[in-house]
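Every heavy atom of this structure was used, including side-chain atoms; hydrogens, water molecules and symmetry mates were not. The structure presented is a predicted model; accordingly, all values stated were derived computationally and were not measured.
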Amino acid sequence: MSAVTRFAPSPTGYLHIGGARTALFSWLHARQSGGRFVLRIEDTDRERSTEEATEAILDGLRWLGLDWDDGPFFQSERMGRYREVLDHWLETGQAYHCYRSKDELDALREAQMKRGEKPRYDGYWRDRDGDPPAGVTPCIRFRNPLEGEVVFDDLIRGRVRVANEELDDLVICRADGSPTYNFCVVIDDYDMGITHVVRGDDHLSNTPRQVNMLRALGVEPPAYAHVPMILGDDGKRLSKRHGAVSVMQYETEGYLPEALMNYLVRLGWAHGDQEVFSREEMLRLFDLGEVNASASAFNPGKLKWLNEQYLRSLEPGEVAARLVTYLERAGLDPQTGPDLGALVLAQRERCSTLVELVDNSRFFFEEFDTYEEKSARKHLAADALQPLEACRMALEQLPQWEAERIHAVVQGVAEQQELKMGKVAQPLRVAAAGCAVSPPIDATLALLGRERSLRRIDRALEHARAAG
RNA sequence: GUCCCCAUCGUCUAGCGGUUAGGACACCGCCCUUUCACGGCGGUAACGGGGGUUCAAGUCCCCCUGGGGACGCCA
């Protein structure tokens, strides 16, 4: 059976980690059944909804590769439809006008809490006819059943039962005429043919009311899957304090969308001992019904590890293509350096992110002003002169500037001068990179090119002489 | 305050009545090594507590504790 699922964010901020995972689960469930994935923007709160936020959310989804089949639909453009149902319900008595003011409601709530009761609307206007107070614009409330219970089977939480006694008559249309979330969701999910509602479990307690409204509409509710929330790495609620909460922040920091997706799919779900899942594997193996019911903490360290895995296993050319943007952002011109595929191959096993890869590769693209102090003191001292000079001479003679030949030179010099490899390679490294960290010296020089390499060795020789 | 939910190493998790409680990240050793890394090998580390049910409980039930969510004319 093919499923129709949806992702329905409210455009009040960027796409965050929790939303991204909900979207992923929802997307996977639709895609693995050959169904449809609907995108709907829940912007009934005009005060807080912004166009920028909508764009930010779409950007996030696109970056992650979570493509949608229908939409984006905007609730703000569906007011006519909501009005239609509202009027109908008013007519049939399934909804009614309520003239309670906010102040009255606040007082009511406070009094109930004080008495140790669950705060709820008292139903004052539920069965009251005529003489509404003058000058008060009413809101509209749904007439929730008083008896019986709502039962539904949540794919993740199992059977959920709530007595109607626990529920009150919720506001479905504000005094200003705008319909509210719980109402719009119900109409939309029905109109859009949603078969599986996948959403954060903070909505679990809304579900019974929604089921009642669906029943009022005379239709069967969809299947529900309430996914647990994601906690910060301190076990508390995820927030700005935990570093990157926006999905796009990870893009900025040089993470690969593949890695983030992989991390997210494993948060609350597992398939035996498997840690790495390609998109195809996710589609094949993921099962909404296997998702854990408990919240899980976001672990940046593991995401980083996954990013390293993808950095190393993706085609170098693929990584190189994505590297271009990052080089430019760092103010480097990709044209002034080595072949990017080769660079990725040389650097990827010592980097966690694309940003780090760029940072560690600056010296391939531009000259550096100074040597890293400690490294220069240690490796560009007087004892570096002889091996450096010998290398310089032999390298200059090389008919072909390739890693293997360079390696032979370094090894030859070490043997000739009866030095350990480190005594030869390290001075060369500092000469070439400006610091004591780089890919293997033969690969480093090969990537750097003959001219640049020799020039930098000359400069290092000067430095060593001056220091000696 | 009221209602609801959740509970295995620090973290993500496997487990679905009988296991030396497994894997991964992180951490710590050792090996490899021209740097930094990668990699390989090994190690520390968990069933929150108390009652039941059962020949047998991490696994089922209840209570406690801890954590979370909901209780808006927010979504």
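- In this structure B:rG1 sits in a base pair with B:rC71, meeting the Watson-Crick or G-U test at under 3.5 Å.
- Screening A:Leu24, A:Leu155, A:Val198 for a side chain to side chain contact (heavy atoms under 4.5 Å, CB included) with A:Val227, the sole residue that qualifies is A:Val198.
- Spacing between atom CG of A:Leu204 and atom P of B:rA70 amounts to 11 Å, rounded to whole angstrom units.
- Cation-pi geometry between A:Arg459 and A:Tyr371 is met: the NZ or CZ atom falls under 6.0 Å from the ring centre, inside 45° of the normal.
- For A:Phe277 and B:rU13, the CZ to P distance is 12 Å, given to the nearest whole Å.
- Salt bridge status for A:Glu42 with A:Arg40: present, with a side-chain N to carboxylate O gap under 4.0 Å.
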Q: Mind running ring-ring contact (aromatic ring centres under 6.0 Å, His included) on A:Phe152 and A:Tyr224 for me, showing each step along the way?
A: CA-CA 8 Å; A:Phe152 61 94; A:Tyr224 293 97; 5.5 Å; yes
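- For B:rC38, the base adopts the syn conformation, since its glycosidic angle falls within 90 degrees of zero.
- Each of A:Tyr121 and A:Lys114 has a nearest nucleotide on RNA chain B; the 5'-most of these lies closest to A:Lys114.
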(Q) Generate the contact string for nucleotides 18-23 of chain B. Rules: B means base contact, S means sugar-phosphate contact only, - means no protein heavy atom under 4.0 Å. (A) ----BB
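- Spacing between atom CG of A:Leu108 and atom P of B:rC71 amounts to 16 Å, rounded to whole angstrom units.
- As rounded to whole Å, 15 Å separates atom C1' of B:rU13 from atom CD1 of A:Ile230.
- Each of A:Gln75 and A:Glu166 lies near RNA chain B, and the nucleotide nearest A:Glu166 is the one positioned closer to the 5' end.
- The CZ-P distance, from A:Phe298 to B:rA24, rounds to 21 Å in whole Å.
- In terms of the side-chain contact (heavy atoms from CB on, under 4.5 Å) criterion, residue partners of A:Ser361 (sequence neighbours excluded) are, by chain and number, A:Leu343, A:Gln347, A:Leu357, A:Phe364, A:Phe365.
- Residue A:Asn206 has no polar side-chain atom (N or O) positioned under 4.0 Å from OP1 or OP2 of B:rC74.
- Ion pairing of A:Glu166 with A:Lys118 is present here, as a side-chain N (NZ or NE/NH1/NH2) and a carboxylate O approach within less than 4.0 Å.
- Between the side chain of A:Asn299 and the base of B:rA26, no donor-acceptor pair of N or O atoms lies under 3.5 Å.
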Taking only nitrogen or oxygen atoms into account, show me every contact under 3.5 Å that the protein makes with nucleotides 65-69 of chain B, one pair per line with its distance.
{"residue": "B:rG69", "atom": "OP1", "partner": "A:Arg237", "partner atom": "NH1", "Å": "3.0"}

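- When Watson-Crick and G-U wobble pairs are counted only if both distances are under 3.5 Å, B:rA45 pairs with no nucleotide at all.
- A salt bridge does not link A:Asp154 to A:Arg159: none of the charged side-chain nitrogens sits closer than 4.0 Å to a carboxylate oxygen.
- For B:rU65 and B:rG51, the C1' atoms lie 14 Å apart once the distance is rounded to whole Å.
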Are any protein N/O atoms closer than 3.5 Å to N/O atoms in nucleotides 61-64 of chain B? If there are, list each pair with its distance.
none

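- Look at the P atom in both B:rG1 and B:rC60: the space between them is 30 Å, to the nearest Å.
- Checked options A:Tyr96, A:Tyr82, A:Phe183; the residue passing with A:Trp89 is A:Phe183 (criterion: ring pair (Phe, Tyr, Trp, His ring centres under 6.0 Å)).
- In this structure, the CG atom of A:Leu306 is 13 Å from the C1' atom of B:rU11, given to the nearest Å.
- For the P atoms, the distance from B:rC47 to B:rA26 is 24 Å, rounded to whole Å.
- On the C1' atoms, B:rG48 is 11 Å away from B:rG67, given to the nearest whole Å.
- For B:rG58, there is no paired nucleotide, since no Watson-Crick or G-U wobble pair has both relevant distances below 3.5 Å.
- A:Arg115 comes within contact range of no nucleotide atom at all, as no heavy-atom separation falls under 4.0 Å.
- Annotation: cation-pi pair A:Arg209/A:Phe142 absent, no NZ/CZ under 6.0 Å from the ring centroid and within 45° of its normal.
- Heavy atoms of other residues, nucleotides or ligands lying less than 6.0 angstrom from CD of A:Glu372 number more than 12.
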Q: Go through A:Glu402 and A:Arg405 one step at a time and tell me if the salt bridge (charged side-chain N to carboxylate O under 4.0 Å, His left out) criterion holds.
A: CA-CA 6 Å; A:Glu402 315 165 327; A:Arg405 289 171 193 270; 3.1 Å; yes
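- With salt bridges taken as basic N to acidic carboxylate O contacts below 4.0 Å, none links A:Arg48 and A:Asp43.
- Comment: A:Lys304 does not engage A:Glu308 in a salt bridge, judged by the lack of any side-chain N to carboxylate O separation of less than 4.0 angstrom.
- At a threshold of 4.0 Å, the pair A:Asp106-A:Lys102 does not count as salt-bridged, since none of the basic side-chain nitrogens sits closer than that to a carboxylate oxygen.
- We find that A:Asp127 and A:Arg143 are joined by a salt bridge, their nearest charged nitrogen and carboxylate oxygen being less than 4.0 Å apart.
- The side chain of A:Arg174 contributes an N or O atom lying less than 4.0 Å from OP1 or OP2 of B:rA75.
- Taking the ring centre of A:Phe277 as origin, the terminal cationic atom of A:Arg266 falls outside the region bounded by 6.0 Å and 45° from the ring axis.
- Taking the ring centroids of A:His203 and A:Tyr181, they lie under the 6.0 Å cut-off.
- With both ends at atom P, the span from B:rC36 to B:rG69 equals 45 Å, rounded to whole Å.
- If you check B:rC25 for Watson-Crick or wobble pairing at under 3.5 angstrom, you find it paired to B:rG10.
- Atom name C1', nucleotides B:rU53 and B:rC71: the rounded distance is 37 Å, in whole Å.
- Between the P atoms of B:rG68 and B:rC30, the separation comes to 41 Å (whole Å).
- Straight-line distance between the P atoms of B:rC9 and B:rG58: roughly 15 Å, to the nearest whole Å.
- Between A:Arg81 and A:Glu84 there is a salt bridge, since at least one side-chain N of the basic residue sits less than 4.0 Å from a carboxylate O of the acidic one.
- Taking a pair to require two hydrogen-bonding distances under 3.5 Å in either a Watson-Crick or a G-U wobble arrangement, B:rC16 remains unpaired.
- For B:rG39, the paired base is B:rC31 (Watson-Crick or G-U wobble, both distances below 3.5 Å).
- Atom CG in A:Leu285 sits about 14 Å away from atom P in B:rA14, given to the nearest Å.
- Checking the phosphate oxygens (OP1, OP2) of B:rG72, a side-chain nitrogen or oxygen of A:Arg109 falls inside 4.0 Å.
- Note on A:Ala175: a base of the nucleic acid sits closer than 4.0 angstrom, heavy atoms only.
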Q) What is the per-nucleotide protein-contact pattern of nucleotides 33-47 of chain B, from the 5' end, where B denotes a base atom under 4.0 Å from a protein heavy atom, S denotes such proximity for sugar-phosphate atoms only, and - denotes neither? A) -BBBBS---------
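- Scanning residues 42-49 of chain A for heavy-atom distances under 4.0 Å to RNA chain B yields A:Glu42, A:Thr44, A:Asp45, A:Arg48.
- A:Glu258 has no carboxylate O lying under 4.0 Å from a charged side-chain N of A:Arg279, or vice versa, which leaves the two without a salt bridge.
- The OH atom of A:Tyr99 sits 15 Å away from the C1' atom of B:rC73 (whole-angstrom rounding).
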